[in-house]
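Written below as structure tokens is the structure these notes are about.
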Amino acid sequence: RKEVEQDPGPFNVPEGATVAFNCTYSNSASQSFFWYRQDCRKEPKLLMSVYSSGNEDGRFTAQLNRASQYISLLIRDSKLSDSATYLCTFSGSARQLTFGSGTQLTVLP
Amino acid sequence: GAVVSQHPSWVICKSGTSVKIECRSLDFQATTMFWYRQFPKQSLMLMATSNEGSKATYEQGVEKDKFLINHASLTLSTLTVTSAHPEDSSFYICSASPQGLGTDTQYFGPGTRLTVL
């Protein structure tokens, strides 16, 4: 089983739609969780950290479920500029990040 | 804040040559930096963890003699791809985490696109 699994998509949604991504992880010792976004041929950029209590940043909401070992990202009122690949990742004790394969999102006008 | 730079941003070289990539944290110190590689349509794969003042830690399957890492200061790590071959063509990205902030957040450099002919 892969350490991190994501639905690769692609997700094609109209502007204004709400879209959700899930990501499962196998290492129960994982300590910190993040969502990054990566635009084509660019480096990943941190979108948000993920906490057990859930956290929200504008149109973005992230959740962590340790019992079921998954994290989620919800994007509301999606914009054209949200089109990107979304990577879930977690860090272990040595702080290195393990990335999922990414979920591709295209927001259509 | 938390800016990481990489140089060069792209490089094209002939097979058999060596290529050095620099990763710098511009406004913070980092005792640890990470080197990743990303092939087209694939995710980032951690190659090695670069530790200031000590040897790098390589992930399984990554040849330490081929991918030489030097972390000479708290703001600079270099990756040298020795005797590069076409299969080494990839997007190489470094990351660093500001020390002392009690956070695992990593900031990525803009990446170096290597093409080996």
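Remember, predicted model here, so these are calculated numbers, not experimental data. Proteins get letters first, then strands, A, B, ... in listed order; numbering begins at 1 in each.
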- Message: How long is the straight-line distance from CZ of A:Phe99 back to OH of B:Tyr36, given to the nearest 0.5 Å?
- Response: 5.0 Å

- Item | same_hphob_cluster(B:Val19, B:Val116) at 4.5 Å side-chain heavy-atom cutoff | yes

- Query: Under a single-linkage definition using a 4.5 Å side-chain heavy-atom cutoff for Ile, Leu, Val, Met, Phe, Trp and Tyr, are A:Phe33 and A:Met48 assigned to the same hydrophobic cluster?
  - Reply: yes

- Query: Does the side chain of B:Gln6 come under 3.5 Å of the side chain of A:Glu43 through a donor N or O and an acceptor N or O?
  - Reply: no

- Consider only side-chain heavy atoms of I, L, V, M, F, W and Y, link residues closer than 4.5 Å, and tell whether B:Trp35 and B:Tyr107 are in one cluster. no

- Task: Name the member of A:Ser49, A:Pro8, A:Gly100 that forms the most heavy-atom pairs with chain B at distances under 4.5 Å.
- Result: A:Gly100

- Which of the residues B:Gly109, B:Pro110, B:Pro40 is involved in the greatest number of heavy-atom pairs with chain A at under 4.5 angstrom? B:Pro110

- Message: Nearest 0.5 angstrom please: A:Tyr36 OH to B:Ser43 OG, how far?
- Response: 12.0 Å

- Query: With a 4.5 Å heavy-atom cut-off, do B:Leu46 and A:Thr98 have their side chains touching?
  - Reply: no

- Task: Determine the sole option in A:Leu97, A:Thr89, A:Leu46 for which the side chain to side chain contact (heavy atoms under 4.5 Å, CB included) test with B:Gln106 is passed.
- Result: A:Leu97

- Item | Part of B:Phe108 within contact of chain A (heavy atom distance under 4.5 Å) | both

- Message: If hydrophobic clusters are built by linking Ile, Leu, Val, Met, Phe, Trp and Tyr wherever their side-chain heavy atoms come under 4.5 Å apart, do A:Phe60 and A:Ile71 end up in the same one?
- Response: yes

- State plainly whether one hydrophobic cluster holds both A:Leu64 and A:Leu73, where clusters connect Ile, Leu, Val, Met, Phe, Trp and Tyr through side-chain heavy atoms under 4.5 angstrom apart. yes

- Message: Please check: side-chain N/O of A:Ser101 versus main-chain N/O of B:Gln42, any donor-acceptor pairing under 3.5 Å?
- Response: no

- Task: Go through A:Gln38, A:Lys45, A:Arg41, A:Lys42 and name the one with the most non-hydrogen pairs under 4.5 angstrom from chain B.
- Result: A:Arg41

